[in-house]
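Input: a single structure, listed below in structure tokens.
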Amino acid sequence: MKPALALLLAAFALSTSAQTLAPLPQDKPKGTPIASPNRTASSELAASSSKKSGPASPTLGTSSAPVYIDATGKAWGRAEGAATALLHLNGKLTRVGGFDYDCTIDPGTNECTSVRSGGYTWSRQQAVYYPTADCSGQGWGPVSPGVAQYAFPVLDASDDQLYLYLVDPAQIEFRRQFQSLYLNRQCSYFGPVYLSFLAPIAGAVLASGVATPPFYVK
């Protein structure tokens with residue numbers, strides 16, 4: 001089992017220890033990678049989003065916070081907190097999370113004090129969750145308060161492209177049963193398990209339309 005998937009499953013076990021779950025199918029052990037021919041491809045989500053809102057159009061807004069500069073020299077988001085960016089995407093205030101980075105750790109506080117020369121890039125360890133056993137139907141993702149939408153990167157096997165999945169925090173649900181997750185090109189069965197604080201995926205945009213890694217704070 002992949003380390004990232006093992007950590008996710010451990011978190012699921014802790015979060016559901018007090019729940020009564022449906023019986024686990026004997027032919028599908030938890031953590032089993034499975035085919036997902038009926039999963040909605042990210043490109044389909046992006047096409048639907050483009051029809052509704054037009055092409056991705058990131059803007060910085062008027063904040064005076066430091067900015068993220070991508071590999072092309074474009075300023076694309078305001079730096080806030082630990083490895084998140086704030087921008088307006090298609091007119092909506094959006095927080096983008098899911099960065100990987102090579103970080104210098106302060107041994108006293110165990111906190112990141114600076115990003116080394118490699119800069120930031122999109123993480124490939126962000127998961128989409130599904131109530132079904134094969135990653136079909138409506139996907140769900142994490143939320144972030146105080147913004148109109150939260151975006152996180154997902155690497156899709158159908159075209160090997162990175163997409164930013166968009167989630168509306170207003171649609172958050174505090175308890176729902178899930179059975180599978182999509183992580184780094186692969187669907188895996190892990191349920192049924194009850195998870196909290198997730199919301200439906202509302203759309204997607206190509207990550208390359210927002211920023212090209214590596215990113216640096218200026």
Under 4.5 Å between side-chain heavy atoms, hopping through other hydrophobics if needed: is there a path connecting Val167 to Phe197? yes

What distance do Arg39 atom CZ and Ser158 atom OG have between them, rounded to the nearest 0.5 Å? 6.5 Å

Minimal heavy-atom distance between Ser188 and Pro33, with the atoms involved, is OG-CA, 3.9 Å

Could you list the residues that satisfy side chain to side chain donor-acceptor pair (under 3.5 Å) with Asp159, not counting sequence neighbours? Tyr163

If we only count heavy atoms from C-beta on, is the Leu86 to Thr94 side-chain gap below 4.5 Å? no

NZ/NE/NH1/NH2 to OD/OE distance under 4.0 Å, Asp160 and Arg185: yes

Mind checking whether Leu181 and Phe190 have side chains closer than 4.5 Å, heavy atoms only? yes

Taking C-beta and beyond as the side chain, do Asn184 and Gln125 meet within less than 4.5 Å on heavy atoms? yes

Which of these, Tyr68, Tyr216, Tyr120, sits in a ring-ring contact (aromatic ring centres under 6.0 Å, His included) with Trp76? Tyr68

Is there a donor in the side chain of Ser136 and an acceptor in the side chain of Asn38, or the other way round, less than 3.5 Å apart? no

Do the side chains of Leu87 and Val217 join up, straight or via other hydrophobic residues, at under 4.5 Å, putting them in one cluster? yes

Go through the steps for Val210 and Val96 under the test side-chain contact (heavy atoms from CB on, under 4.5 Å), then give the verdict. CA-CA 10 Å; Val210 176; Val96 182; 5.5 Å; no

Does the Ser49 side chain pair with the main chain of Leu45, one donor and one acceptor, at a distance under 3.5 Å? yes

Heavy-atom donor-acceptor pair, Ser180 side chain to Thr132 backbone, under 3.5 Å: yes

Please evaluate residues Glu173 and Leu198 with respect to the criterion side-chain contact (heavy atoms from CB on, under 4.5 Å), reporting the C-alpha separation (whole Å), side-chain torsions for both, the decisive distance (0.1 Å), and the verdict. CA-CA 6 Å; Glu173 290 201 12; Leu198 299 176; over 6 Å; no

With Tyr129, which of Leu195, Ile201, Leu183 fulfils side-chain contact (heavy atoms from CB on, under 4.5 Å)? Leu195

Just wondering, do Leu166 and Leu89 contact through their side chains at under 4.5 Å, heavy atoms? yes

Taking atom CG of Leu164 and atom OH of Tyr150, what is their separation to the nearest 0.5 Å? 10.0 Å

hydrophobic_cluster_shared for Leu206 and Tyr182, side chain cutoff 4.5 Å: yes

Verify whether one side chain among Ser144 and Arg95 offers a donor that lies under 3.5 Å from an acceptor in the other. yes

Taking C-beta and beyond as the side chain, do Asp156 and Gln161 meet within less than 4.5 Å on heavy atoms? no

Does the side chain of Gln138 come within less than 4.5 Å of Pro200's, by heavy atoms? yes

Taking all atoms of both residues into account, what is the closest heavy-atom pair of Ser36 and Cys135, and its distance? CB-CB, 4.1 Å

Atom CG in Asp134, atom CD1 in Ile34: separation rounded to 0.5 Å? 5.5 Å

Shortest non-hydrogen pair, Pro169 vs Val147, comes out as CG-O, 3.6 Å

Do Asp70 side-chain atoms and Thr212 backbone N/O form a donor-acceptor pair below 3.5 Å? yes

Looking only at non-hydrogen atoms, find the nearest pair between Ala79 and Ala65 and report the distance. O-CB, 3.8 Å

I'd like to know whether the aromatic ring centres of Phe99 and Trp122 sit less than 6.0 Å apart in this structure. yes

If you define the side chain from C-beta out and look only at heavy atoms, does anything of Asp100 sit under 4.5 Å from Ser123? yes

When clusters are formed by joining ILVMFWY residues with side-chain heavy atoms under 4.5 Å apart, either directly or through shared neighbours, do Ile172 and Tyr130 land in the same one? yes

Taking it one step at a time, do Tyr189 and Gln179 satisfy side-chain contact (heavy atoms from CB on, under 4.5 Å)? CA-CA 6 Å; Tyr189 176 82; Gln179 297 193 75; 3.7 Å; yes

For Arg176 and Tyr194: C-alpha separation, side-chain torsions, deciding distance, then whether side-chain contact (heavy atoms from CB on, under 4.5 Å) applies. CA-CA 5 Å; Arg176 176 176 278 265; Tyr194 286 95; 5.9 Å; no

Residues in side-chain contact (heavy atoms from CB on, under 4.5 Å) with Asp168, at least two apart? Ala170, Gln171

If every non-hydrogen atom of Gly98 is compared with every non-hydrogen atom of Pro153, which pair is closest and at what distance? O-CG, 3.3 Å

May I ask you to test the Val205-Tyr165 pair for a side-chain heavy-atom distance under 4.5 Å? no

